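If you're wondering where the values come from, they're calculated on a predicted model, not measured in any experiment.
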Amino acid sequence: MTILILGSFDTKADEHAFLRNLILARGHQVLTLNLGVLGTTNLFPVDIEADELARAGGVPLEELRANRDRGEAMKVMSRGAA
């Protein structure tokens, strides 16, 4: 079974790494998807990065960062994740 971890790896990487380790320890596969517009993590491999989600949501990641509008960024990232 593959379990998706979808989250902001820029601000909650430690928590997601803990969760990932628990899932792997139970013998499951993990797919990681980063919603964090501020950056990423080096604690674990990220399968789908924020720039790919932003593009899929219709706005370049650099533009989301420049606008500094968290609400709009989450709308775009959610659209991209879908």
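- Rounding to the nearest 0.5 angstrom, the gap separating the NZ atom in Lys75 from the CG atom in Leu64 is 12.0 Å.
- Following chains of ILVMFWY side-chain contacts shorter than 4.5 Å, one cannot reach Met1 starting from Leu4, and the two form parts of different hydrophobic clusters.
- To the nearest 0.5 Å, the span separating OG on Ser78 from CG on Leu53 amounts to 9.5 Å.
- In this structure, Asn21 CG and Phe44 CZ are separated by 9.0 Å, a value rounded to the nearest 0.5 Å.
- No donor-acceptor pair under 3.5 Å is formed between the side chain of Thr41 and the backbone N or O of Phe9.
- At distances below 3.5 Å, at least one donor-acceptor pair connects side-chain atoms of Asn34 with backbone N or O atoms of Gly39.
- Asp69 contributes a side-chain N or O that, together with a main-chain N or O of Gly71, makes up a donor-acceptor pair within less than 3.5 Å.
- In terms of hydrophobic clustering, with Ile, Leu, Val, Met, Phe, Trp and Tyr side chains grouped at heavy-atom distances under 4.5 Å, Leu43 and Leu33 are assigned to different clusters.
- For the atom pair CE (Met77) and CG (Leu6), the distance works out to 9.0 Å, reported to the nearest 0.5 Å.
- Taken together through direct or relayed side-chain contacts under 4.5 Å among Ile, Leu, Val, Met, Phe, Trp and Tyr, Ile23 and Leu35 form parts of separate hydrophobic clusters.
- Arg65 places a side-chain N or O within donor-acceptor distance of the main-chain N or O of Val37, the cut-off being under 3.5 Å.
- For the pairing with Leu24, the side-chain contact (heavy atoms from CB on, under 4.5 Å) check across Ile3, Val30, Leu19 returns one residue only, Val30.
- Taking hydrophobic clusters as Ile, Leu, Val, Met, Phe, Trp and Tyr residues chained together by side-chain heavy-atom distances below 4.5 Å, Leu38 shares a cluster with Val76.
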- [ ] Before giving the answer on side-chain contact (heavy atoms from CB on, under 4.5 Å), spell out for Glu49 and Thr40 the whole-Å C-alpha distance, their side-chain angles and the decisive distance to 0.1 Å.
- [x] CA-CA 8 Å; Glu49 276 293 2; Thr40 191; 2.6 Å; yes

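- Nearest heavy atom pair, residue Pro45 against residue Thr32, reads O-OG1, 3.0 Å.
- Nearest approach of Ala50 to Gly36, heavy atoms of both residues: CB-O, 3.2 Å.
- Distance check, rounded to the nearest 0.5 Å: NE2 of His28 to CZ of Arg20 gives 14.0 Å.
- Considering all non-hydrogen atoms of both residues, Leu31 and Asp47 come closest at CA-OD2, 3.3 Å.
- Here the OG-CE distance, from Ser8 to Met74, works out to 5.0 Å after rounding to the nearest 0.5 Å.
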